[in-house]
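Since the model is a prediction, treat every value here as computed from it, not as a measurement. Protein chains get the first letters and strands the later ones, always in sequence-line order, with residue 1 at the start of each.
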Amino acid sequence: MKLARSFYSRPAITVARELIGKILVRRVGTREVRARIVETEAYVGEHDLACHAAKGRTARTEVMFGMGGHAYVYLIYGIHHMLNVVCSVEGDAQAVLIRAAEPLGEWRVNLTGPGNLARGFQISRSDNRLDLTGDALFIINGCTPPPRVARTQRVGVDFSGHWKNRLLRFLDPDSPAVSHWKKSRPTKREAKSHCA
DNA sequence: GCGTCGATGGCA
DNA sequence: GCCATCGACGCG
């Protein structure tokens, strides 16, 4: 079942947590690929210094100020595209960064890390503003939700003052596809204590 | 197994 | 001049 506008029109923190275990679907021509989302990050609005919208309404951030359920895609470090899902209602610039997923079916590709994920799904700036309630790129419910969801600090936002400490990253601790995780992967006992 | 670093482009 | 990154490399 395709996620409707109402799913996205909620706070990014709620959407980020609920997206773990859901299936991202991409249709390009007759080809369709699917992957299970295992890692997300919430960017919660203009007051969140790690959120691009903290710079206010610009040509780049405009889409984040719009209705939830649209894609926000941008290029970072001149190399990697990032796929975000706009959340909340018009005027409230919140978004969720999709950071990692597990390819489904016969599809073999590395979707660990937001750069790899965008490359695997062939997401580029031309997909910016794409409506996720349409048929080209959308998300559906997974068969089985993950038994647990862990929370940690967001990755790569050291510049954002106290916002870097907020636990706004959500992940499936049992997935091998989570980024920056194997290194410090806690024991099952520790992971349990992280559960959201 | 770990830290460091270079690539490269849009944006303010 | 800054980055919501990745992967290669060097050290040990």
Side-chain angles (χ1 to χ4, degrees), chain A residues 8 11-20 24 35 37-66 68 70-88 92-103 108-130 132 137 139 149-172 175-187 190 196:
Chain A
Y8 301 105
I13 192 162
T14 304
V15 174
R17 182 172 52 233
E18 293 189 16
L19 279 180
I20 302 299
L24 181 60
I37 296 168
V38 298
E39 181 184 353
T40 61
E41 279 178 2
Y43 288 83
V44 300
E46 290 179 84
H47 57 296
D48 175 358
L49 297 182
C51 182
H52 289 173
K55 302 211 184 279
R57 212 184 258 259
T58 68
R60 181 207 213 181
T61 63
E62 183 63 28
V63 63
M64 262 198 290
F65 286 85
H70 293 262
Y72 167 42
V73 179
Y74 64 91
L75 187 66
I76 190 68
Y77 301 116
I79 297 177
H80 304 290
H81 292 277
M82 303 281 110
L83 171 62
N84 298 252
V85 171
V86 175
C87 298
S88 192
D92 184 17
Q94 301 197 35
V96 170
L97 171 63
I98 312 291
R99 288 191 56 90
E102 297 171 356
R108 298 284 177 272
V109 64
N110 175 20
L111 302 176
T112 296
N116 290 331
L117 183 139
R119 191 183 56 193
F121 273 94
Q122 295 181 47
I123 301 286
S124 70
R125 277 171 94 307
S126 63
D127 297 303
N128 193 34
R129 298 169 178 271
L130 197 62
L132 300 178
L137 181 68
I139 302 173
V149 175
R151 293 179 68 156
T152 75
Q153 295 177 179
R154 293 175 292 187
V155 175
V157 294
D158 288 348
F159 61 89
S160 62
H162 71 277
W163 282 96
K164 73 175 188 292
N165 301 321
R166 296 284 305 277
L167 302 180
L168 294 174
R169 176 175 175 236
F170 297 85
L171 55 90
D172 174 354
S175 172
V178 170
S179 68
H180 298 266
W181 184 247
K182 286 176 189 170
K183 290 187 263 256
S184 59
R185 185 160 191 165
T187 63
E190 283 167 339

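Look at CH2 on A/W163: it is 15 Å from P on C/dA4, rounded to the nearest Å. In this structure, CG of A/L97 is placed 16 Å from P of C/dC3, rounded to the nearest angstrom. For A/Y74 and C/dA4, the OH to P distance is 6 Å, given to the nearest whole Å. Residue A/E41 contributes atom CD, which lies 11 Å from atom P of C/dA4 at whole-angstrom precision. Following rounding to the nearest Å, A/K55 (NZ) and B/dC11 (C1') show an atom-to-atom distance of 9 Å. Residue A/L49 contributes atom CG, which lies 13 Å from atom C1' of C/dA4 at whole-angstrom precision. Remark: C1' of C/dA4 and CG of A/N84 are 8 Å apart, rounded to the nearest angstrom. Note: CG (A/D158) to P (B/dT4) measures 13 Å, nearest angstrom.
Ranked by how close their nearest DNA chain B nucleotide is to the 5' end, A/Y77 and A/R125 are led by A/Y77.
Nucleic acid contact class of A/I76 (heavy atoms, under 4.0 Å, all strands): base. Nucleic acid contact for A/R60: sugar-phosphate only, since backbone atoms but no base atoms lie under 4.0 Å from a heavy atom of the residue.
Proximity note for A/R119 (side chain, C-beta onward) versus B/dA12, C/dG7, C/dT5: the nearest is C/dG7. When distances run from any side-chain atom of A/T58 to the nucleotides B/dA12, C/dA4, C/dC6, the shortest one goes to B/dA12. The A/I79 side chain lies nearest to B/dA7 when the options are B/dA7, C/dT5, C/dA4.
Note that CD1 of A/I123 and CG of A/L130 are 7.5 Å apart. Values are rounded to the nearest 0.5 Å. Between the NE2 atom of A/H80 and the CG atom of A/L117 there is a distance of 12.5 Å, given to the nearest 0.5 Å.
Of the possible donor and acceptor atoms, none in the side chain of A/R129 sits under 3.5 Å from a partner among the backbone N and O of A/E62. No donor-acceptor pair closer than 3.5 Å links the side chain of A/N116 to the backbone N or O of A/N110.
Nucleotides C/dG12 and B/dC5 place their P atoms 15 Å apart, quoted to the nearest Å. Taking atom P on both nucleotides, C/dC9 is separated from B/dT8 by 15 Å, rounded to a whole Å.
When the side-chain nitrogen and oxygen atoms of A/R99 are compared with OP1 and OP2 of C/dT5, one or more of them lie within a distance under 4.0 Å. Between A/H52 and C/dA4 there is a side-chain N or O to OP1 or OP2 distance below 4.0 Å. For A/N116 and C/dG7, the shortest distance from a side-chain N or O to OP1 or OP2 is below 4.0 Å.
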